[in-house]
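Read through the structure below, which is laid out as structure tokens, and then see the notes.
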Protein chains: 2
Amino acid sequence: MSEPTEKPQRLKVIVADDQAAVREPLAAVLALSEDIEVVAAAADGTEVLAAVAGASVDVVLMDLRMPEMDGIEATRRLSEEHPETAVVVLTTFADDDSILAALSAGARGYLTKNAGRQDIVRAIRAAAAGQSVLDREVQDRLLATVRTRPSSPGQSLPADLTPREREVLTLIGQGLPNRAIAQQLFISEATVKTHINNLFAKADIRDRADAVRRALAAGLA
Amino acid sequence: MSEPTEKPQRLKVIVADDQAAVREPLAAVLALSEDIEVVAAAADGTEVLAAVAGASVDVVLMDLRMPEMDGIEATRRLSEEHPETAVVVLTTFADDDSILAALSAGARGYLTKNAGRQDIVRAIRAAAAGQSVLDREVQDRLLATVRTRPSSPGQSLPADLTPREREVLTLIGQGLPNRAIAQQLFISEATVKTHINNLFAKADIRDRADAVRRALAAGLA
DNA sequence: TTCCACCTGGACCCATGGGTGGACGTACAG
DNA sequence: CTGTACGTCCACCCATGGGTCCAGGTGGAA
């Protein structure tokens, strides 16, 4: 990750966007940076893959909405066949699905199209160096989807729950009825109800639905 | 996000690390970049807050493990009291909890200490511009925790739910009893039950607890 | 117009859930 | 030894949830 000098060579970049009105000026403005060399332009995913196969490419600046093969699929194939080539997504769409799909497919950056030239250049350099650059809103969205599952166990629950009560709460969180909980713990249904009543009082849980939410929020899945 | 010129002024940076052996050389090497000015150094979170209160600071390079007030807490307060100041975490630890905690607290970057000087400088510039830079492994971990809980909206639910049914399911997911749902939608409790029965059949939902889980999983929070 | 999807509502039934109070044994700390 | 916390269990009560069947009204599509 840490190279001795910043510019061992000019970074070879491909610009992929189906709209020529976006693609051409973008390529031109990137070429203004002396450490960046736009080696090809592509109008869809298949053209990207073909171009990368021909020459060693450092970074692909990828639009998501493209005909034939979209940016997601192209990114996926690229990260499989050419993991040394980094993908930076540049798109107008910043919805959760697109972000997750693109990053899961292996993208090392995600910018929206209101990013400035310097933002894009910085992302290209970072991606080439193995870092990942996200727009602020993109990171916020990514985090928001994570926060639904805090993964910090037991956080929002009072600490004075007994192990048994915690166990019961976990099973409630999995959607099991009292009878199934009783069978799974080898105790009677009456005992399950007792534990439930106790833990409801302790944790200020109103009913079963509330319990499911709290259990999930506390990471007791 | 997109500034007209790259360096309107030198970026004012604070280096926060409890170990002088790390802090001093880091500050020195950062000062080599002509667009970066190290305005202060701090050995714990309280010193960071004090330093930021004094001068307008662009970026804080923050270690996580610090005495008195750790980097997480300092980041949280900083992003509340001085949202214009960006935090880039630089630490040896890249476990899920630390990453999530730091980013949730408002950090705009997360680097491990095997990042090179150029990596750090790049992250500082990006953070100052409102972007977010993550190490490759950090992003991978972040994505891994996201993928365990896809939370891609509407995915796990059948598409043939009527708008009303979807609405009811959302309220169930919020833990509301039928009566409250009825009041909120200005319909009778009987109607709520009808919708519930229909959507349970359509979506293969067994009971209310199951409905809560499915609603949350589908992002109907 | 006829048909259908949707929203609305009511009646009924019974299983489940949730609340209360009490009981017993064990294990541990005072 | 005695109190306390915990886990186990029971009986009772009734509110809520969930299933079934039916039916009126609306609006758009065939």
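When reading the values below, keep in mind they use all heavy atoms of this one structure, side chains included, and skip hydrogens, waters and symmetry mates. Naming: A, B, ... by sequence-line order, numbering from 1 per chain.
A search for side chain to side chain donor-acceptor pair (under 3.5 Å) contacts involving B:Thr91 returns nothing, not counting sequence neighbours. A search for side-chain contact (heavy atoms from CB on, under 4.5 Å) contacts involving B:Ala211 returns B:Leu169, B:Ile172, B:Phe200, B:Ile205, not counting sequence neighbours. Checked against salt bridge (charged side-chain N to carboxylate O under 4.0 Å, His left out), A:Arg65 has no partners two or more places apart in sequence or in another chain. In this view, B:Glu167 and B:Arg164 satisfy the side chain to side chain donor-acceptor pair (under 3.5 Å) rule, not counting sequence neighbours. With sequence neighbours excluded, no residue forms a salt bridge (charged side-chain N to carboxylate O under 4.0 Å, His left out) with B:Glu47. With sequence neighbours excluded, the residues forming a side chain to side chain donor-acceptor pair (under 3.5 Å) with B:Asp44 are B:Thr46, listed by chain and number. Under the side-chain contact (heavy atoms from CB on, under 4.5 Å) criterion, B:Ala209 pairs with A:Arg208, A:Val212, B:Asp207, not counting sequence neighbours. In this structure, the side-chain contact (heavy atoms from CB on, under 4.5 Å) partners of A:Ala40, at least two apart in sequence or on a different chain, are A:Ile14, A:Ala51.
Look at CD1 on A:Ile181: it is 16 Å from C1' on D:dG7, rounded to the nearest Å. Separating the CD atom of A:Gln184 from the P atom of D:dT8 is a distance of 14 Å, rounded to the nearest angstrom. The distance between atom CG of B:Asn198 and atom C1' of D:dG19, rounded to the nearest whole Å, is 11 Å. The CG atom of B:Asp204 sits 11 Å away from the P atom of D:dG19 (whole-angstrom rounding).
Side-chain contact annotation: A:Gln131 with B:Arg122, donor-acceptor N/O pair under 3.5 Å present.
In this structure, B:Ser188 contributes its side chain and B:Ala182 its backbone to no donor-acceptor pair below 3.5 Å.
Residue B:Ser188 has no polar side-chain atom (N or O) positioned under 4.0 Å from OP1 or OP2 of C:dT8.
The list of salt bridge (Lys or Arg N to Asp or Glu O under 4.0 Å) pairs with a residue in residues 50-60 of chain B, not counting sequence neighbours, is empty.
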Summarise how protein sits on nucleotides 12-30 of chain C as a single string, 5' to 3': B when a protein heavy atom is under 4.0 Å from the base, S for sugar-phosphate-only contact, - for no contact.
----SBBBB----------

Protein-nucleic acid N or O pairs under 3.5 Å, nucleotides 5-7 of chain C:
residue: C:dC7; atom: OP1; partner: B:Thr162; partner atom: OG1; Å: 3.4
residue: C:dC7; atom: OP1; partner: B:Arg164; partner atom: N; Å: 3.0
residue: C:dC7; atom: OP2; partner: B:Thr162; partner atom: OG1; Å: 2.5

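Where the helix from C:dT1-D:dA30 to C:dC28-D:dG3 starts and where it ends, the local axes point in directions that differ by 40°; five pairs per end, rounded to 10°.
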